[in-house]
Amino acid sequence: MSVELLPDGRKRIRAPLSDEDVRQLQAGDVVLVSGVVYAARDAAHKRMIELLDAGEPLPFDPAGQIVYYVGPTPEKPGHVIGSAGPTTASRMDRYTPRLLELGVKGMIGKGGRGPTVREALKRHTAVYMAALGGGGALAALQIRAQRVIAFEDLGPEAVRELEVEDLPVWVVNDCEGRDFYEQAVAPWRKEELLPEEFRLGAPR
Amino acid sequence: MGQVREVDAAEITRAVRELCMEINYKVPEDMAAAIRRAREKEESPIGRQILDLLIRNQELAAQGEYPYCQDTGYTVVFIDVGQDVHIVGADLTDAINEGVRSGYRDAYLRASIVADPVFERRNTGDNTPAFIHTRIVPGDQIRIQVDAKGGGSENKGRHAMLKPSDGLEGVKSFVLRTVAEAGPDACPPGIIGVGIGGNFEYAAILAKRALMRKVGQPHPDPRVAELEAELFEKCNALGIGPQSLGGTQTVLAVHVETMATHIASLPVAVNIECHAHRTGTRVI
Ligand code: SF4
């Protein structure tokens, strides 16, 4: 069991995650991520897909794993890592369904996902979570170890194995198609102050 | 004509280097104050929690161990060179880039620039080149403002060549749509820089320059200031809130700059700054 319910209602997760684990995570849940996550962002995703197209394996076994969209700053002497907050997830939308097919169960980034990824999350029982965008210094404190495991030449975009402890995230898109951003924003819209064209639905 | 004053390019390098090293760890006081004001005004509990976290992130970064954000940005340099200045010792562009290179290296900042946009996208390894806007102005001083501009918020900027008949309402709607579509991706709450008028490229530069103003300082023209106030209220009425998790504080300020334009045109550009607003100025 990789999902632990804490007394304050938050949930602690640790990869590898099973379908059963993912089904316990709902849009809006506050989750603490512990254990191993794999850091990969734009250039690393492009290379991973090229590897797959060439029939090669990924730099890590994706089954049940969590991918963190992050490119950290270089660590100062004596530190494990530099600043390490999330980057915009939608830039990875093009690559994500392929990784979900291979068994990746969770992703951490910031910002919304497109309809194709949301559908793929349902189809493959996976979850997308957001960490504090721009909270890079705070995130660094939750990271216990880092190791570059592939594409070192990409510098900040290399694939890293990170060991994290209680990295706080929100579940944005769960495996049942819910979207926390939509739910969260709607009650705060002041329709009466907005021009006509902004009143119906929430353009995002 | 005044006396020609010689300025050693090494002084420019030093100023740029020091600014890069400082701003990535220490948010300017006007921005810190704007975040604190937003914390006071925010009505949504989750929004207040987020703003508290951002304040903690600021305090932690200011201790100098971890940059405020891992995206230490495009290095944008606004340099106003007095026309009575003679720069000696090195090429101005090289002097600026050398400041970026050494500042980013020695302050453990991320190299986030690729050498070409669509071919190999190879990281230059030292965050150069800087994106430089030079003006020749009266006087014998050099004013340098450096901005570390996050890519996530930069990506959410928009530009449009509206029709004159779209008028002020068209401009407002374009700004609101841009902020609404940016949503969580631009790490709200931030600053909205709007450039209206000029031509295709001037509108964008106006929008970026608008972000360089002290946060929340109104435009001196009362008509523009009124537009800023209205856009501020409407952007916040979108309900996006901190991190787009709902709330009343979506933007900390809207800054508008305008200029003359063509009888056929109404250019508008919106440049979004995230809560990681990192800028500083030196005068030589
Ligand atoms: S948009 Fe700004 S705050 Fe967010 S990750 Fe990028 S630089 Fe940091």
Side-chain angles (χ1 to χ4, degrees), chain A residues 28 30 42-43 46 70-79 81-91 110-112 130-141 153-157 168 170 172 180-181 183-198 202-204, chain B residues 24-25 43-44 46-47 50 53-54 56-61 63-72 105 108-112 114 121-123 125 150-152 155 169 172-173 176-177 180-181 183-188 233-234 236-241 243-248 274-276:
Chain A
V30 179
D42 307 61
K46 182 162 183 281
V70 58
T73 59
E75 66 278 11
K76 281 198 163 183
H79 292 314
I81 199 164
S83 204
T87 196
T88 307
S90 58
R91 291 198 314 270
K110 66 162 169 121
L132 181 70
L138 286 176
L141 298 184
D153 62 299
L154 294 179
E157 297 199 80
W170 295 269
V172 174
F180 184 43
Y181 289 131
Q183 295 171 11
V185 168
W188 295 97
R189 283 175 77 85
K190 294 181 180 145
E191 300 274 310
E192 69 286 1
L193 291 178
L194 294 171
E196 194 80 47
E197 62 191 295
F198 289 90
R204 214 179 24 81
Chain B
N24 278 290
Y25 288 87
E43 292 167 34
S44 120
I46 190 163
I50 304 266
L53 287 172
L54 297 185
R56 274 178 49 201
N57 192 62
Q58 258 176 32
E59 292 167 351
L60 177 60
Q63 293 171 14
E65 297 299 317
Y66 302 100
Y68 182 93
C69 182
Q70 76 291 334
D71 181 0
T72 51
R105 180 191 61 220
Y108 294 84
L109 304 175
R110 195 179 78 183
S112 309
V114 292
R121 290 187 69 89
R122 198 168 33 76
N123 197 307
N155 283 346
E169 291 311 310
K172 290 178 200 167
S173 146
L176 269 181
R177 183 155 301 287
E181 285 174 1
D185 293 16
C187 288
E233 186 186 39
K234 290 203 156 75
N236 283 331
L238 289 169
I240 293 170
Q243 297 279 314
S244 191
L245 296 180
T248 59
C274 46
H275 64 77

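Protein chains get the first letters and strands the later ones, always in sequence-line order, with residue 1 at the start of each.
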- Message: How long is the straight-line distance from OG of S244(B) back to CH2 of W170(A), given to the nearest 0.5 Å?
- Response: 11.5 Å
- By salt bridge (Lys or Arg N to Asp or Glu O under 4.0 Å), R105(B) pairs with (sequence neighbours left out) none
- Note on the structure: Assert top hit (heavy-atom pairs under 4.5 Å, partner chain A, pool C187(B), G247(B), C274(B)) equals G247(B)
- Query: If you round to the nearest 0.5 Å, how far is CG of L141(A) from CD of E65(B)?
  - Reply: 10.5 Å
- Item | is_close_aromatic(H79(A), Y108(B)), centroid dist under 6.0 Å | no
- When heavy-atom pairs shorter than 4.5 Å are enumerated against chain A, which of L60(B), V114(B), L245(B) gives the highest number? L245(B)
- Query: Short question: side chain of Q70(B), backbone of G85(A) - any donor-acceptor pair under 3.5 Å?
  - Reply: yes
- Query: Taking C-beta and beyond as the side chain, do E197(A) and R177(B) meet within less than 4.5 Å on heavy atoms?
  - Reply: yes
- Message: I need the Y68(B) OH to L138(A) CG distance, nearest 0.5 Å.
- Response: 9.0 Å
- Step by step, work out the side chain to side chain contact (heavy atoms under 4.5 Å, CB included) result for D71(B) and T87(A). CA-CA 8 Å; D71(B) 181 0; T87(A) 196; over 6 Å; no
- Task: Look at the side chain of D185(B) and the backbone N and O of K110(A), then say whether any donor-acceptor pair between them is shorter than 3.5 Å.
- Result: no
- Query: Is there side-chain contact between P195(A) and E169(B), with at least one heavy-atom pair below 4.5 Å?
  - Reply: no
- Message: So for N123(B), is it side chain, backbone, both, or neither that comes closer than 4.5 Å to the heavy atoms of chain A?
- Response: side chain
- Message: With chain A as the partner, which of L109(B), N155(B), L176(B) has the greatest number of non-hydrogen pairs under 4.5 Å?
- Response: L176(B)
- Region of Q63(B) that comes under 4.5 Å of a non-hydrogen atom in chain A: neither
- Using non-hydrogen atoms and a 4.5 Å limit, figure out which bit of P72(A) sits close to chain B: side chain, backbone, both or neither. backbone
- Query: Of the backbone (N, CA, C, O) and the side chain (C-beta and beyond), which part of T72(B) lies under 4.5 Å from a heavy atom of chain A, both, or neither?
  - Reply: side chain
- Message: How long is the straight-line distance from CZ of F198(A) back to NZ of K172(B), given to the nearest 0.5 Å?
- Response: 12.0 Å
- In terms of side-chain geometry, is the basic nitrogen of K190(A) or E233(B) positioned less than 4.0 Å from the acidic oxygen of its partner? no
- Query: Step by step, would you call W188(A) with S44(B) a side chain to side chain contact (heavy atoms under 4.5 Å, CB included)?
  - Reply: CA-CA 8 Å; W188(A) 295 97; S44(B) 120; 3.1 Å; yes
- Checking A276(B) against chain A: side chain, backbone, both or neither under 4.5 Å from a heavy atom? neither
- Hey, could you give me the CZ/CG distance between R189(A) and N236(B), rounded to the nearest 0.5 Å? 12.5 Å
- Task: Return yes if some donor-acceptor pair links the side-chain N/O of Q243(B) with the main-chain N/O of G133(A) below 3.5 Å, else return no.
- Result: yes
- Item | Spacing of R122(B) atom CZ and D153(A) atom CG [to the nearest 0.5 Å] | 10.0 Å
- Item | Winner by heavy-atom pair count (cut-off under 4.5 Å) against chain B, out of G155(A), A43(A), A84(A) | A84(A)
- Message: Quick check: do K76(A) and Y66(B) have side-chain heavy atoms less than 4.5 Å from each other?
- Response: no
- Query: Heavy-atom distance under 4.5 Å to chain B: side chain of E192(A), backbone, both or neither?
  - Reply: neither
